[in-house]
Amino acid sequence: MEILKGSDLAADYTVARLLEETYSRRSLDLSDLSLAEQAALVEGRAIYVIPSASALAEKITAAQAEGRPLVVKYGIDPTSPDVHLGHSVPIIIASRFQRMGHHVVFIIGDITAKIGDPSGRSSERPALTDADIAQNLSGYQQQVTPFIDFTRADLRFNGEWLNKVSLPAPVGVLAHVPVSMTLQREDFRNRLAVGDGLSVAEFVYSVVMALDSVAIEADVELGGVDQLLNLQMCRKVMEIREQAPEVIITPRRMSSSWPRNGAPGLRPGMTVPPCSSHVRGGVTGPEASVDR
């Protein structure tokens, strides 16, 4: 972007121009890209593609041969009323997949939120009531709509399938998950080392989350680096359930200075002009300088 060269990135005018340009590019049709170009576009904005970029290309090729789009999963637990700005980068990648012609499934974890994702936590999350969860998730679709066209994407709640799970199903999965796979988590080891509590529910959170991937038969899952061990469990559980494991993509963040908790909220006004001054931290990251 020429505007990035020699411009005052703190000036309201520059921020407005960046937002307008970014918003217009985010609506570009990418369905004309070749399979190789699709894989390269996604890989270029990822920190990790697991198991490999070639596996992603193979997934795209296989889906096309079957005459179907990829199923691209992105999930959020409604533990707060805002989809924080840190979520925007994987959501933008999901938007790219959608604009390349693939099918995005946006999952709201109304059940997993009751456990609470333990990733990066030094203590157990406060328990949420059904009323807390309902209030938190009430604005999620509106906040994500500037990125995802929900006329062509699914918005699902994992309670749709998790509420129907009977005990033998998760027990059958857990019987094949080694404890060492969960204990490799540094956050768990740190909590146990200092004598802090770790509930069994937290211990199996990633397995429960993995059942979402099984339910929708995901080809691809997007998530932050902090979610990497959870996402690897999704691959493991899909293999246990005799499904082809999803490809994991962890996109680059806009800013490494934003904490996991307490990051700015992703409000609709932050993604479309006119801009407001509180978005300045977000427009100087990688998404401000990409072509499409």
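For the single chain, residues carry numbers from 1 onward in sequence order.
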Could you check whether any side-chain N or O of Asn158 sits under 3.5 Å from a backbone N or O of Ile111, counting only pairs where one atom can act as donor and the other as acceptor?
yes

Is Tyr48 atom OH crowded by more than 12 heavy atoms from other residues, nucleotides or ligands, each under 6.0 Å away?
no

Minimum heavy-atom distance between Glu202 and Gly116, given as atom pair plus value
CG-O, 4.5 Å

Ignoring hydrogens and angles, tell me if any N or O in the side chain of Asp154 forms a donor-acceptor pair with the backbone of Arg156 under 3.5 Å.
no

Does any N or O in the side chain of Gln141 come within less than 3.5 Å of the main-chain N or O of Leu155, such that one atom is a donor and the other an acceptor?
no

State, yes or no, whether a side-chain contact exists between Asp212 and Glu221 at a heavy-atom distance under 4.5 Å.
no

Each residue besides Leu167 in its hydrophobic cluster should be listed here, by chain and number; the cluster joins Ile, Leu, Val, Met, Phe, Trp and Tyr at side-chain heavy-atom distances under 4.5 Å.
Val171

List in chain and number order the residues that pass side-chain contact (heavy atoms from CB on, under 4.5 Å) with Ala40, two or more places apart in sequence or in another chain; answer none if no residue qualifies.
none

Would you find a donor on one side and an acceptor on the other, under 3.5 Å apart, between the side chain of Gln227 and the backbone of Gly224?
no

Which residue pairs pass the side chain to side chain donor-acceptor pair (under 3.5 Å) test when at least one of the two sits in residues 174-183, sequence neighbours left out?
none

Pair Ser31-Asp29, side-chain donor/acceptor within less than 3.5 Å
yes

Looking at Met181, is its backbone amide N or carbonyl O close enough to the side chain of Gln184 to form a donor-acceptor pair, meaning the two atoms are under 3.5 Å apart?
yes

Only counting residues at least two apart or in another chain, list the ones meeting side-chain contact (heavy atoms from CB on, under 4.5 Å) with Ser34.
Ala36, Glu37

Gln143 side chain to Val83 backbone, donor-acceptor under 3.5 Å
yes

Test of understanding: clusters of I, L, V, M, F, W, Y form through side-chain heavy atoms closer than 4.5 Å, transitively. Do Met238 and Trp161 belong to the same one?
yes

Quick check: do Lys73 and Cys234 have side-chain heavy atoms less than 4.5 Å from each other?
yes

Contact check, side chains of Thr79 and Ile133, non-hydrogen atoms, under 4.5 Å:
no

Look only at the side chain of Asp219 and the backbone of Val71, and say whether a donor-acceptor pair between them is shorter than 3.5 Å.
yes

State whether a side-chain donor-acceptor pair under 3.5 Å links Ser80 with Asp82.
no

For Ala134, check side-chain contact (heavy atoms from CB on, under 4.5 Å) against everything at least two apart and list the hits.
none

Classify the ring geometry of Tyr74 against His87: parallel below 30°, tilted from 30° to 60°, perpendicular beyond 60°.
perpendicular

Are more than 12 heavy atoms from other residues, nucleotides or ligands located less than 6.0 Å from atom CD of Glu242?
no

Going by the rule side-chain contact (heavy atoms from CB on, under 4.5 Å), which residues pair with Gln64 if we only count those two or more places apart in sequence or in a different chain?
Leu35

